[in-house]
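We name chains A, B, ... by the order of the sequence lines, and we start the count at 1 in each one.
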Amino acid sequence: MRRFQVAMPKSVPGAVAASGDDFDETKFLAGGTDLLAEIKDHTQFPDVLVNLKSIPGLKEIKVSDSGVEIGALVTLSELASHKEIKRSWPALVEAIGHAASPQIRNVGTVGGNLCQRVRCWYYRHDEYPCLKKGGQICYAQQGENEYHSVFGNRICAAPHPSSTAPVLIAYGAQVEIHGPEGARTIDLEDFFHSPEDDVTQENILTSKEVVTKITLDRANTSKHSAYCEARERDAFDWSLCGATVNLQMDGDSVKRARVVLSAIAPTPVRRKDLEKVLVESGVGSGALEKIAKLSIRGARPLEQNEYKLTLVKAMLKRAILKAVKG
Amino acid sequence: MSNTTTLTLRINDEDVTVAFPTHHTLLEVLREECRLTGTKHGCELGECGTCTVLVDGKPMLSCLVLAAEMDGHEIRTVEGMMIGNTLHPLQQAFADLGAAQCGYCTPGILMAAEALLEANPDPTREQIQEALAGNLCRCTGYIKILEAVEWAAATQRGEDTPPAKESIYGSPHAATKGE
Ligand SMILES: Cc1cc2nc3c(=O)[nH]c(=O)nc-3n(C[C@H](O)[C@H](O)[C@H](O)COP(=O)(O)OP(=O)(O)OC[C@H]3O[C@@H](n4cnc5c(N)ncnc54)[C@H](O)[C@@H]3O)c2cc1C
Ligand code: FES
Ligand code: FES
């Protein structure tokens, strides 16, 4: 692995102060399960890793009457085994259960999961100077694109790999970000940006900004929530397509809905059009067919990934039926 | 900040003071500085699990953590499994049942299985599969590994049960079906 030094700040402002003006200077280190692999793969070249694990207070899960605050450094295992998360945000536990392996979940953090880079094999290969690395073309457009995006893929076709992001968005999560100007809180939905915004980064963070916590409000959860994903292998595999559905129900009718698709576009995709149909038409078989049909409108499958359209429809229906059951 | 780190690592209940390049992984330091070569280099990217060690009792991938971060943590490797001169029940079961062929995945699988049995002395087949989901084996086909973990668990619980021989005779379920 390329040589680097490690800074050990003791506070969030200390971490911000230790960070450089671009990502080649410094990268924040959380669990390292993605970052160290990137350095080995020669896709990142930081001179200094700013270790967030040396900062106290970022590893806590704080439960209150209104909801829960999850420190960015909480590991995926800690999150999925937390009693209150299991009780009140079950789709999150479901999604984490399928993500990576037990070893990786023991180290990988929720903040790192949201900030992880794409898994496109052209991006991860040092012989392909793709758009994400400042190059001129997206090799996946005409290349091996079996696992790539079917939506929003005109510039870069790498799908966003996070399994927690879609579920957290469906639960209305907010993220707290610290930077040189202090702290701000935004909806997680607005955290990710598309290749049209900036193809070289998947989220809005600058090299000097740290995610410190994720907040979930009880008002936005429901026992009628579910996450379903399709994989090639049963265990230890990336999602090919994920659907998260979070419904507020009153008898058979849907009062409020959140629908988020994942692994099929460069960002997790909230589908307000489908949410509207759920509220207006409910969850009967007619409505489900309508939603399935509508779900793939605007898709642009590449040469090898048209099968993902079938998965989008199937995972959506599955997640809706599972959510209704509660 | 410096290019070299000197630390006293706690490995298999012993303190070992080592100096190593700051950017080296725990896997590199275990193998190169500590000469503990039981832990294997595989993919180096988190995909195979053969580098699994226990840190504070939890399975982690030594290829994806920095040794520089191991201050104050308890590390266990496959070299720490034997109890005196006696093989750990898991090691004994793997040897007796032929749950290792080339053996390259074995140290990692033993560590993941040890952590499982520590937390859950009587795991179901499904729980064993889940605990070993991050460990690839290219030789055995996994069934013998699952049988060995089940047998070792039974031995550790003090039960004198013969091992399942599904890998030889097929699954009991399939046998009933055939009758
Ligand atoms: C084989 C394999 C399979 C996997 N399968 C899945 C899967 O199915 N689903 C899934 O969701 N994930 C999967 N992952 C990814 C894994 O979940 C992530 O690597 C992990 O969650 C990243 O967390 P980390 O703490 O290790 O992050 P790091 O590796 O430490 O950081 C990742 C990136 O985020 C930045 N970063 C980290 N924390 C912060 C912060 N608080 N503020 C600002 N920037 C930050 C880092 O600078 C770096 O760029 C898999 C990984 C592997 C290796
Ligand atoms: S060598 Fe660490 S997971 Fe393969
Ligand atoms: S015994 Fe050869 S890889 Fe498992």
Legend entry - Atom group of B:Ala115 that falls short of 4.5 Å from chain A, counting heavy atoms: neither
Any idea which donor-acceptor pairs are under 3.5 Å between chain A and chain B?
unit_1, atom_1, unit_2, atom_2, d
A:Met1, O, B:His23, NE2, 3.3
A:Gln5, NE2, B:Asn3, OD1, 3.1
A:Lys40, NZ, B:Glu44, O, 3.0
A:Lys40, NZ, B:Glu44, OE1, 2.7
A:Lys40, NZ, B:Cys63, O, 2.7
A:Asn51, ND2, B:Glu69, OE1, 3.0
A:Lys53, NZ, B:Glu69, OE1, 2.6
A:Lys53, NZ, B:Glu69, OE2, 3.3
A:Gln103, NE2, B:Thr52, OG1, 3.0
A:Gln103, NE2, B:Asn135, OD1, 2.9
A:Asn106, ND2, B:Pro59, O, 2.9

Inset, instruction - Would you mind checking which part of B:Cys63 comes under 4.5 Å of any heavy atom in chain A, side chain (CB onward), backbone (N, CA, C, O), both or neither? - result: both
Inset, instruction - Pick one of side chain, backbone, both or neither for A:Leu29, based on which atoms fall under 4.5 Å of a heavy atom in chain B. - result: side chain
Legend entry - Residue among A:Gly97, A:Gly32, A:Ala7, A:Ala235 with most heavy-atom pairs under 4.5 Å to chain B: A:Ala7
Legend entry - Pairwise side-chain contact, B:Leu64 with A:Val107, heavy-atom cut-off 4.5 Å (strictly under): no
Legend entry - Residues in ring-ring contact (aromatic ring centres under 6.0 Å, His included) contact with A:Tyr122, at least two apart in sequence or another chain: A:Tyr128, A:Tyr139
Legend entry - A:Ala37 versus chain B, the contacting section by heavy-atom distance below 4.5 Å: both
Inset, instruction - Taking all non-hydrogen atoms of both residues into account, name the closest pair between B:Gly134 and A:Pro102 and its distance. - result: N-CD, 4.0 Å
Legend entry - Any B:Met1 side-chain heavy atom under 4.5 Å of A:Val6 side chain: no
Inset, instruction - Pick one of side chain, backbone, both or neither for B:Leu136, based on which atoms fall under 4.5 Å of a heavy atom in chain A. - result: side chain
